[in-house]
**Q** 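Quick one: structure below, then a few questions.
Quick note: numbers below take in every heavy atom, side chains included, and nothing from hydrogens, waters or symmetry partners. Note on naming: letters A, B, ... go to the chains in the order of the sequence lines (proteins, then strands), and numbering restarts at 1 for each one.
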2 protein chains.
Amino acid sequence: MKPTIYDVAKAAEVSIATVSKVINNTGRISEKTIKKVRTIMETMDYQPSGVATALAGKQTFTIGVLVPEISNPFFSEIAKLLEDNAREAGYALIICSTYYQVDREHMYLDLLLKKQVDAIIIATDPIDIEPFKKINKRQVPVVLFTIDELLFSTHVVTTDDIKGGYIAGSYLLQKGHRNFAVVLEEGRKNSLTRLKGFKEAISEKNLILTDQQIYSSKSSMKEARNIAKSILTNPDKPTAIFCCTDLIALVLIQEAKKQGILVPEELSVIGYDNTVIAELSDPELTTVAQPINALAKHTIELLINSISSPGTELQRIVLLPELKERESVNLN
Amino acid sequence: MKPTIYDVAKAAEVSIATVSKVINNTGRISEKTIKKVRTIMETMDYQPSGVATALAGKQTFTIGVLVPEISNPFFSEIAKLLEDNAREAGYALIICSTYYQVDREHMYLDLLLKKQVDAIIIATDPIDIEPFKKINKRQVPVVLFTIDELLFSTHVVTTDDIKGGYIAGSYLLQKGHRNFAVVLEEGRKNSLTRLKGFKEAISEKNLILTDQQIYSSKSSMKEARNIAKSILTNPDKPTAIFCCTDLIALVLIQEAKKQGILVPEELSVIGYDNTVIAELSDPELTTVAQPINALAKHTIELLINSISSPGTELQRIVLLPELKERESVNLN
DNA sequence: TTGAAAGCGGTACCAC
DNA sequence: GTGGTACCGCTTTCAA
C-alpha cells in the first residue's frame, strides 16, 4: 500500500504534525529534522494523498471544463491551451463534453460539483440555466469562456464576436462581394453575435441579409454537407459565404469542388476560429482568428486568483479577433 | 456552504450512519425513514462530497489518461470515446498531454498518483519507464492503449499495427505500385511496427525499402511540411507514399499539389488512423482505420473490472485494422 | 432498523 | 522547534 504520513512520521521518529510542516514548508522546523524527514519520504517514495489534502485543506486543485465536444478541433485546441496553463499552476482539468444535450450538461455539472472542483470553465452554451445557479451557492468561481451572456455570477473571457463578424463582412465587401450567404453553427449562440456583426458591416453598404441567405448547421460533417448542398444548388447562388466555424467552411469548400465550383475563383469562403484544419484546407482557408492563447491564459489566471481570494470582483475580458488572410477569398 | 451529511442527519432527526445508508442503498432502513431522508436531501440540495467519499471509500471515480497531445485529432477522438464510455460508468477523466517530454510525463504521472485516480490509461510511449513502475506498487490498474510493449504489468488494448502496415503495403502493391516511401511519426513506436508490416507485405513481391525511402516526421504541421518537401524534391520520387498518420498524409498531399504534382494521378498517398481530417482532405484520404470505438469500449470495461476485482489477470486485446478506401490512391 | 464510534490521511491551532 | 489533537465529510463494523 501507499505509505501515509503516519508511516513517514514513525520512520522519522517525529509526529505527523512535523511531517506535515516539512511537506508544506510551514512552521519552524530545524534543518536537521527537515533533512531527516525528507530523506525518509524519498526512500519510502512517499507522496501526500491528494484526497486527504483536499478534505482537510479544502482545495482539490482540479478545474472542471464544460465543452460541447472535445473532438471538435476548436475545443481540443482550447483544451490543450487551458491544460497548459493549468498545469503550470499545479491544477488538473476534468473535461466534459455535453454534446449540446441538457441531461449531459446537468449530469456533468453535478459531477463537477460532487468532485468539488475548485473552479469551472463553461465553454458551451448552457441549455437550462437553472441548475447552474447551484454553482454560485457553492462559491465556485466560474468563467464563461467564449460565451458572452449574463447568465449568473461569472467571469467572462471571450472574443468580440460582433467585431469578428464585422471583420468578415467588411473583408468580403472590400473584396467586391455583394451577394452573401451565412452559415451559423447550431447550438452556439455566438454564431448569432457573429451574424449581427456581419450584418452591421454590410449595412454600411446598404446591403441586408434575408432569412433565405442565412443557414444553420450542426457542427457535424454530415449535416454541414447537407447544408452545403442546399446552398450550392440554390439558384440565387452567393459569391461569398461566411461560415461561423472552420469545419463548416471546409466541408462547404469540399462540396463546392465536388460540384465543379472553383474556390475561390467562383466562390469565396471565409471561416471562423482559425483552427488547424484551416491550414489543411485546399485552398487554405481565410478565417477570423480568435486569440485563443490569450483567452486561455486569462481564463486560468482569473480563476486561480478567484480561488485564492474569493469574493474578487467579477471580470469581463473581451479580446479582439483578427483576420487571417489565406487563399479562400478572391476579388469579385 | 455546501450541506454535509451531518446537516441532513440533523434535519431528518436520524444519525449520519442512517443517512449514509440511504445514500448508498445499503443496510436495512425502513421505507419511512428512507422517504424522509430523501426528501430532506432534495430540499437541502444535498450532494455527498466526492472527496470525503474517496477518502473513506477508497475510490475516486476518476481515470487518468496520458496522451501525447490532446489537440492531435487522433487523440481528441480517442479522448471523446473514452470519456463517453467512462461517463456511463460514473467515471470522470483527467487528460494529460505529455508532448513527448520526459519531465511532463513524470510530473503528470505523479499528479495522477497523487490524485489517486482509480486507473490509468497510457496512450503515449513512455520515454523513461522507471517511474511508471510506481504504478504497480500502488496497485492501480493500467491499460497501455494503442501501445504494444511489455513495459511493466499492464493490460494492453491495441490495434494490430503489423497487420495495419501490411494492409497498406499490399493495397499499394495491388494498385500496381513498386516504388514507395514511408513516413513514420516521430515519437510513436507503433510507427515502426506499421513499417514492419509494410515491409512484410512488399517483401512478398521481393521488394525492399532502403533507409532512404524511410522518413520520419514529428506530428507537427511545420515539420511534416519540411519532410514532404524533401520527399517530393528527391529525384527518385516514389509513386506511392505510406504515411503513419493522417495528418502527415494531408500535409504531404497539400505540398504535392503546391508543387503541381497531381494526387492521386501522379502520386498515391495512404494514411493511418482514419481521423476526421481524412474526410476533409482533397482528394479524400484512403487510410488504415483503427477500430477506435471498440478500443475505447474495451479499455474502459477492462479497467472498471480491474478496479472492482483487483488481481484480475492481465489481458491483451488486439483488434484488427481495416482499409478505408477513398480517393488518394490510384492504379499505377 | 438504527446509531455510536473508529477510521481514511491529511491540516492547523495550541501547548509545551 | 515539536507534538497533541480536533477537525474535514463520509463508510463501515458492531451493538443495541
**Q** What is the distance from NZ of Lys58(B) to P of dT13(D), rounded to the nearest Å?
**A** 13 Å
**Q** Once you round it to whole Å, what is the distance between C1' of dT12(D) and CD1 of Ile16(B)?
**A**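 These atoms are roughly 11 Å apart.
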**Q** Let me know, please, whether Val19(A) or Arg28(B) comes out on the 5' side of the other along DNA chain C by nearest nucleotide.
**A**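 Counting from the 5' end, the first nearest nucleotide belongs to Arg28(B).
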**Q** For Gln59(A) and dC8(D), give me the distance from atom CD to atom C1', rounded to whole Å.
**A**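 In whole Å, dC8(D) C1' and Gln59(A) CD are 14 Å from each other.
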**Q** Check whether any side-chain N or O of Ser15(A) sits under 4.0 Å from OP1 or OP2 of dT2(D), and answer yes or no.
**A** no
**Q** For the base of dC10(D), is there a side-chain donor-acceptor partner from Tyr6(B) under 3.5 Å away?
**A**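 A donor-acceptor contact between them is present.
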**Q** Is Asp110(A) paired with Lys134(A) through a side-chain N to carboxylate O contact shorter than 4.0 Å?
**A**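 Answer for the salt bridge query: yes.
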**Q** Do you know which two heavy atoms are closest between Gly187(A) and Asp125(A), and how far apart they sit?
**A**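 Shortest heavy-atom separation between Gly187(A) and Asp125(A) comes out as O-OD2, 3.2 Å.
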**Q** Going by an N to O cut-off under 4.0 Å, is there a salt bridge joining Arg188(A) and Glu185(A)?
**A**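 Yes, this pair counts.
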**Q** Which whole-number value in Å describes the distance from Met41(B) CE to dG9(D) P?
**A**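 One finds 17 Å between P of dG9(D) and CE of Met41(B), rounded.
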**Q** Please pick, from dT5(D), dT11(D), dC8(D), the nucleotide with the shortest atom-to-atom distance to any side-chain atom of Ala17(A).
**A**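 Of dT5(D), dT11(D), dC8(D), dT5(D) is nearest to the side chain of Ala17(A).
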**Q** What is the distance from NZ of Lys35(A) to P of dT2(D), rounded to the nearest Å?
**A**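 After rounding, the reported distance stands at 13 Å.
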**Q** Counting any heavy atom closer than 4.0 Å, what does Ser49(B) reach on the DNA or RNA strands: base, sugar-phosphate only, or nothing?
**A**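 Since only primed, P, OP1 and OP2 atoms lie under 4.0 Å of Ser49(B), the category is sugar-phosphate.
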**Q** Decide, yes or no, whether a salt bridge links Glu13(A) with Lys10(A) under the criterion of side-chain N to carboxylate O below 4.0 Å.
**A** no
**Q** Whole angstrom is fine here: how far is it from CD in Glu13(A) over to P in dT2(D)?
**A** 13 Å
**Q** Would you grab the first and last nucleotide of DNA chain C (5' to 3') that comes under 4.0 Å of any non-hydrogen atom in chain A?
**A**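 Terminal contacting nucleotides, 5' to 3': dG9(C) to dA12(C).
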**Q** Remember a base hit wins even if backbone is also touched, and classify Thr26(B) as base, sugar-phosphate or nothing at under 4.0 Å, heavy atoms.
**A** nothing
**Q** Quick one: on DNA chain D, does Ser20(B) or Glu31(A) contact a more 5' nucleotide (nearest heavy atom)?
**A**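 Final value for this comparison: Glu31(A).
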**Q** In sequence, state the C-alpha distance, the side-chain angles, and the governing distance for Thr62(A) and Lys115(B), and then conclude on side chain to side chain donor-acceptor pair (under 3.5 Å).
**A** CA-CA 9 Å; Thr62(A) 307; Lys115(B) 288 213 175 300; 3.2 Å; yes
**Q** Looking for any heavy atom pair under 4.0 Å, which part of the strands does Val51(B) touch: base, sugar-phosphate only, or nothing?
**A** nothing
**Q** Could you give the CG-to-P distance, from Asn24(B) to dT13(D), as a whole number of Å?
**A**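 The distance from CG of Asn24(B) to P of dT13(D) comes to 12 Å, rounded to the nearest Å.
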**Q** Does the distance from a Lys or Arg side-chain N to an Asp or Glu carboxylate O, for Lys297(B) and Glu301(B), drop under 4.0 Å?
**A** yes
**Q** Identify which nucleotide among dG1(D), dG9(D), dG3(D) has an atom closest to any side-chain atom of Ala52(B), counting heavy atoms from C-beta outward.
**A** dG9(D)
**Q** Considering every strand and a 4.0 Å limit on heavy-atom distances, what is the contact class for Ile23(B): base, sugar-phosphate, or nothing?
**A** nothing
**Q** Do Gln59(A) and Tyr91(A) get their side chains close enough for a donor-acceptor pair, meaning under 3.5 Å?
**A** yes
**Q** Both Lys21(B) and Lys2(A) contact DNA chain C. Which one's nearest nucleotide lies toward the 5' end?
**A**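 In this pair, the answer is Lys21(B).
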